[in-house]
Amino acid sequence: MGNGIFITGTDTGVGKTFVACGLASLLRESGYRVGVMKPAETGCEEKDGELVPEDAIRLKEASGCEEPLEKICPYRLKDPLAPSVAAERSGVTIDIDAIRKLYDEISSKHDITIVEGAGGLLVPILSHYTYADLAKLLKLPVLVVAANRLGAINHLLLTLEHASCRGLRVLGYVLNRLESQPSLAAETNADALRFLTSVPCLAEIPYIDGLKTKPTFFEDRLEQLLGAI
């Protein structure tokens, strides 16, 4: 197919990688050739003199993508900051055209390619270039991951509104519960959002302890999701 999905979040630490890996794993098991890409990963730990992109490694393992890690994650940065800031502090120049070419190479070899951003749509890759700009450049529909907690309604609606303003097509959103103890907000957010946006909720993920748990939250929506791409 050569299609792709851009996975973004309403904030950092909301479970983008977990959702991306779950989707990649399910697509792989369903017989699709799955490519993955994490254009820039910040907060990388140094091991044996190299910066290790843990999120990109998880994506590669979940998808079975055989592309080298250097293609999947071309920019690895030490500081846990927005890519533009972390790159400037490290003396690294991020090349958007190089990212586009790598995406084209990966996409051409796979049925579907999952691209994971960092933080949200307005996080800068360059000083005046955000992940919303990148999603538009790559012509990718967007899947939004939101932490299912107090504040999720505002954060999600702002993200969806910006995506609409930028002309990005949104496939849907995922509510991901991050707290082990149930909260009233987590229990009521989904119902409230149904009256506030026509964008579909593709999954409500319960609290899951650990990334190694095999996620199955897209199984009943996979055909709907693929049909919308």
Leu122 reachable from Leu168 in the ILVMFWY side-chain graph, under 4.5 Å edges |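 In one cluster: no.
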Hydrophobic cluster identity match, Ile153 and Leu150, side-chain contacts under 4.5 Å | no
Kindly give the heavy-atom pair with the smallest separation between Ala147 and Leu178, and that separation in Å.
-> CB-CD1, 3.6 Å
Any heavy-atom pair between the side chains of [Y] and [X] that's under 4.5 Å?
| X | Y | value |
| --- | --- | --- |
| Pro53 | Tyr75 | no |
| Thr42 | Asp79 | no |
| Tyr173 | Thr159 | no |
| Val115 | Ile106 | no |
| Cys44 | Lys78 | no |

State whether a side-chain donor-acceptor pair under 3.5 Å links Thr130 with Asp133.
-> yes
Scan side-chain atoms only and decide if Asn176 and Asn148 contain a donor-acceptor pair under the 3.5 Å cut-off.
-> no
Give a yes or no on whether a salt bridge exists between [X] and [Y], defined as a side-chain N under 4.0 angstrom from a carboxylate O.
| X | Y | value |
| --- | --- | --- |
| Arg149 | Glu179 | no |
| Glu67 | Lys109 | yes |
| Glu116 | Lys38 | yes |
| Arg100 | Glu105 | no |
| Arg58 | Asp55 | yes |

Within a radius of less than 6.0 Å around CD of Glu88, do more than 12 heavy atoms belonging to other residues, nucleotides or ligands occur?
->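 No, the 6.0 Å shell around CD holds no more than 12 heavy atoms from other groups.
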Find the distance between CD1 (Ile112) and CG (Leu27) and round it off to the nearest 0.5 Å.
->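 One gets 5.0 Å once the value is rounded to the nearest 0.5 Å.
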Audit row: Leu193, Leu156, side-chain contact (heavy atoms from CB on, under 4.5 Å) steps and yes/no = CA-CA 9 Å; Leu193 284 163; Leu156 177 60; 3.7 Å; yes
State whether the side chain of Lys60 and the backbone N or O of Cys65 hold a donor-acceptor pair below 3.5 Å, judged by distance alone.
-> yes
Derivation of the side-chain contact (heavy atoms from CB on, under 4.5 Å) call for Ile94 and Leu126 = CA-CA 7 Å; Ile94 295 178; Leu126 303 177; 3.8 Å; yes
